2 protein chains.
Amino acid sequence: MERSNRRSAERTTERTDARTAERAVEGATPHGPGPRERTGPDRPPTIRGVAERAGVSKSLVSLVLQDSPRVSDAKRQAVLDAIEELGYRPNAAARSLVARRTHTVGVLLNDMRNPWFADVLDGLNSLLHAHGLRMLMADGRLDRRTGQEFARTFQELRVDGLVVVGTLPDTTGLAEIAERLPTVIAGNHEPRLPRVDIVANDDERGARLATEHLIRLGHRRIAHIAGQGLVGELRRRGFEAATAAHGLAGSAVVESGDGTEEGGYRAAVRLLGPARGRHRPTAVFAYNDLSGIGALSAAGELGLAVPADLSLVGYDNTYLARIRHLWLNSVNNASHEVGRLAARCLLDRMAHPDAPADRQLVAPELEIRGSTAPPAEAPGDASGGRPGGAA
Amino acid sequence: MERSNRRSAERTTERTDARTAERAVEGATPHGPGPRERTGPDRPPTIRGVAERAGVSKSLVSLVLQDSPRVSDAKRQAVLDAIEELGYRPNAAARSLVARRTHTVGVLLNDMRNPWFADVLDGLNSLLHAHGLRMLMADGRLDRRTGQEFARTFQELRVDGLVVVGTLPDTTGLAEIAERLPTVIAGNHEPRLPRVDIVANDDERGARLATEHLIRLGHRRIAHIAGQGLVGELRRRGFEAATAAHGLAGSAVVESGDGTEEGGYRAAVRLLGPARGRHRPTAVFAYNDLSGIGALSAAGELGLAVPADLSLVGYDNTYLARIRHLWLNSVNNASHEVGRLAARCLLDRMAHPDAPADRQLVAPELEIRGSTAPPAEAPGDASGGRPGGAA
DNA sequence: GTTCGAGATTGGAACGGTCCAAAGAATCCG
DNA sequence: CGGATTCTTTGGACCGTTCCAATCTCGAAC
């Protein structure tokens, strides 16, 4: 007994590292009092405390906590009262330790600033929350951890699943994680890994949609401001496929941007600047809304009116495109739906970890607003611009 | 032996709730093999496994894990090799159970869509990460949990601290949490609670800054599009104080918005619409950038050029204001700095949980772009608009 | 008045780490 | 060469849960 006291009193005062917080808290226990000091000054109440207070065993409290039907009403009430009085909250760490489930899924974003993510998260959350799972978010850009790094954190936390949203700077290490952890990629098409599902919108198709819309309006000189990563690649491919299919490959131009407003602005200056002369494109399809808005600015500065002198289409249909003062046509990438499907996939994969990788593409839709019109000097066939044009 | 086998096989199949995921995972263990099946088929490796492989005790592995200097180089290397080979990651739950620290702080946002948060999180993260703390984010709006609800989650996770970012829909229950948990509020001025620190920008002062800028330019009929919550209240107060101080209280108008682009648009239509006639304001100070952009759109539709016919100032200096096509003057609320200071506060409070509540206000600054100018029919004194005007 | 069975309750072994006290090994010094 | 000292290493208690197996309680059936 005596020894046991001294032990517990000395226990934390001899720590070698200087975690001041801990010190201060523990310091509030000046000397070890009773024969076994389980209930420190402000230690949160445990299941034992509740049991003691309710006059039952901890096992019974545990049963009450999980709504077991095999508990008498009297004791159940006593336990619930004790829980209420003590403000008891079960310790998730202890619980998940034995249950080997954390009821937490890790969500890895690459840039919290991109408004597109919010919708995906919304869709994700609705389903996950309904299944009693919480989301733990990490921003890959925020903390510049490489793949290996974030892997460590999520693995240590033993999350039950992982959702990767968007384009990751570094995907090495993801394969290793996916070996042990149900993993789903949302809003990107790579990397293709053995048991990793992919949910995304059909970027190539969306890009074709946007480009064909411009073609139907009568545009012949159409430019594309490209983005990075596989998504950028796919959107570019859709653009090129559509222009080629209409025999416009010769007059289709691609300038590279980087997905930012600044990048879009610069690309647009290169495309529309005075150097171009009369071969200037009459329409631009941008990698995303942000680039599109950059192009909008450039057009403004170059004295080109949108849509009279220049038609413009973006991608992602973020709230930016909905701002009246911008009012940009944009391809809706169904991000909410992508989020929902990703959640669905993750739940399925948690149930069947070894199922073959699935890949789901959601159909994107073009959202028409005020940034496109037939070209000013339309060379003939501009009929597609009116209602009734080809689907 | 036999019995023990049946045990582990039946273990989870009798659960009352139908968590399919769990079932399937456990189902992958068809029959319990050896006398004590510690290393299940795909159970992650534990410290024991590492110890065994390295031919040492688990205590020694533990010492290696925390860089203890009291380990011989030979054994250390053996342990590190074993860790590498097995892909071992320590279990955070087990660790935090005994250490009674999770090295995790909860961050509560109310709307992930607001671009302002990203900077705060950035600032928060930089400091917290440096101190080995990870952030667990929850969006109060995403999952419509009331104060009580999110409280439960964070308390169960035993986060080491809590940061509330922005205006919470429901703050009841926060007091109770703050009793047990180091808590800091960032970007808002309420609620004032005993041991809860507050870090924010000085909204009243920022509003004065914006308003005085307009006044110095020569504007006399200035309107404010107000926002909600205490922050909205403070910015409004700053606006009223500034107009009153310059004897413009009579011509100062306030219309209420809701912080959205739509709300700003409507408020602006009410302020600038034809009904106003010649008493139309020549300048508007908006609660935030989003409302300001709504006002920008309204001005455009009403045929008012910005800044020629209408000067406009927003608040928060988000990337929206920086979009060239909008190019809005805006009050910089120093959100990155607010995040950094909030982290600082939280660390201090974790060290001294009982210190009295602190309140820090960061000085905001006006960022000048292209959305303000002297009024068209400036009645005399417009000197303040030029460099050299009064500070 | 046993015996039985069903239902309610409880003790105790995990879970995977940390850390203390004590044991073992190596080195030093007289 | 023996004892003291220091450096390494280890066994085991403990953190707060869950859940199995065992016990306890009680009324019904024999």
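Computed from a prediction, not measured in an experiment: that's the story for all the values here.
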Heavy atoms from C-beta onward define the side chain here; which of [options] lies closest to that of [X]?
{"X": "B:Thr46", "options": "C:dG16, D:dT17, D:dT9", "value": "C:dG16"}
{"X": "A:Val56", "options": "C:dT10, C:dT18, D:dT18", "value": "C:dT10"}
{"X": "A:Ser59", "options": "C:dG11, D:dA13, C:dG16", "value": "C:dG11"}
{"X": "B:Arg43", "options": "C:dC15, D:dT18, D:dT10", "value": "C:dC15"}
{"X": "A:Lys58", "options": "C:dC15, C:dG17, D:dT17", "value": "D:dT17"}

Is the shortest heavy-atom distance from the side chain of [X] to the side chain of [Y] under 4.5 Å?
{"X": "B:Val61", "Y": "B:Arg48", "result": "no"}
{"X": "A:Met350", "Y": "A:Leu133", "result": "yes"}
{"X": "B:Leu157", "Y": "B:Thr104", "result": "no"}
{"X": "B:Leu108", "Y": "B:Val163", "result": "no"}

- [ ] Check each residue of residues 70-78 of chain A for a non-hydrogen atom within less than 4.0 Å of any atom in DNA chain C, then write out the ones that pass by number, or none.
- [x]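 Going residue by residue through residues 70-78 of chain A, the ones with a heavy atom under 4.0 Å of DNA chain C turn out to be A:Arg70, A:Val71, A:Ser72, A:Lys75.
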Task: All side-chain hydrogen bond (donor to acceptor under 3.5 Å, both in side chains) counterparts of A:Thr102, not counting sequence neighbours - done: A:Asp160
Open item on the list: Counting Watson-Crick and G-U wobble pairs with both distances under 3.5 Å, what is the dot-bracket string for DNA chain D, 5' to 3', using [ ] for crossing pairs and | for pairs to another strand?
Closed with: ||||||||||||||||||||||||||||||
Task: Residue whose nearest DNA chain D nucleotide is more 5′ - B:Pro69 or B:Leu97 - done: B:Pro69
Length of the line joining [X]:[atom1] and [N]:[atom2], which is rounded to integer Å:
{"X": "B:Arg48", "N": "C:dT18", "atom1": "CZ", "atom2": "P", "value": "13 Å"}
{"X": "A:Asn91", "N": "D:dC15", "atom1": "CG", "atom2": "P", "value": "12 Å"}
{"X": "B:Leu60", "N": "C:dA22", "atom1": "CG", "atom2": "C1'", "value": "16 Å"}
{"X": "A:Leu157", "N": "C:dG17", "atom1": "CG", "atom2": "P", "value": "13 Å"}
{"X": "A:Leu86", "N": "D:dG16", "atom1": "CG", "atom2": "C1'", "value": "15 Å"}
{"X": "A:Glu52", "N": "D:dG16", "atom1": "CD", "atom2": "P", "value": "13 Å"}
{"X": "B:Arg95", "N": "C:dC19", "atom1": "CZ", "atom2": "P", "value": "9 Å"}
{"X": "A:Ile47", "N": "D:dT17", "atom1": "CD1", "atom2": "P", "value": "6 Å"}

Task: Test applied, side-chain contact (heavy atoms from CB on, under 4.5 Å); reference residue, A:Pro191; option that passes from A:Val164, A:Val196, A:Ile185 - done: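 So the option named by the test is A:Ile185.
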Open item on the list: Between A:Arg53 and A:Glu84 (salt bridge meaning N to carboxylate O under 4.0 Å), is one present in this structure?
Closed with: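 No, no charged N to carboxylate O under 4.0 Å.
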Quick check against the 3.5 Å criterion: does [X] have a side-chain atom that pairs as donor or acceptor with the backbone of [Y]?
{"X": "A:Arg76", "Y": "A:Ser68", "answer": "yes"}
{"X": "A:Thr183", "Y": "A:Leu181", "answer": "yes"}
{"X": "A:His352", "Y": "A:Asp348", "answer": "no"}

Task: Presence of A:Gln66 side-chain N/O under 4.0 Å of D:dC19 phosphate oxygens OP1/OP2 - done: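 True: A:Gln66 side-chain N/O within range (under 4.0 Å) of D:dC19 OP1/OP2.
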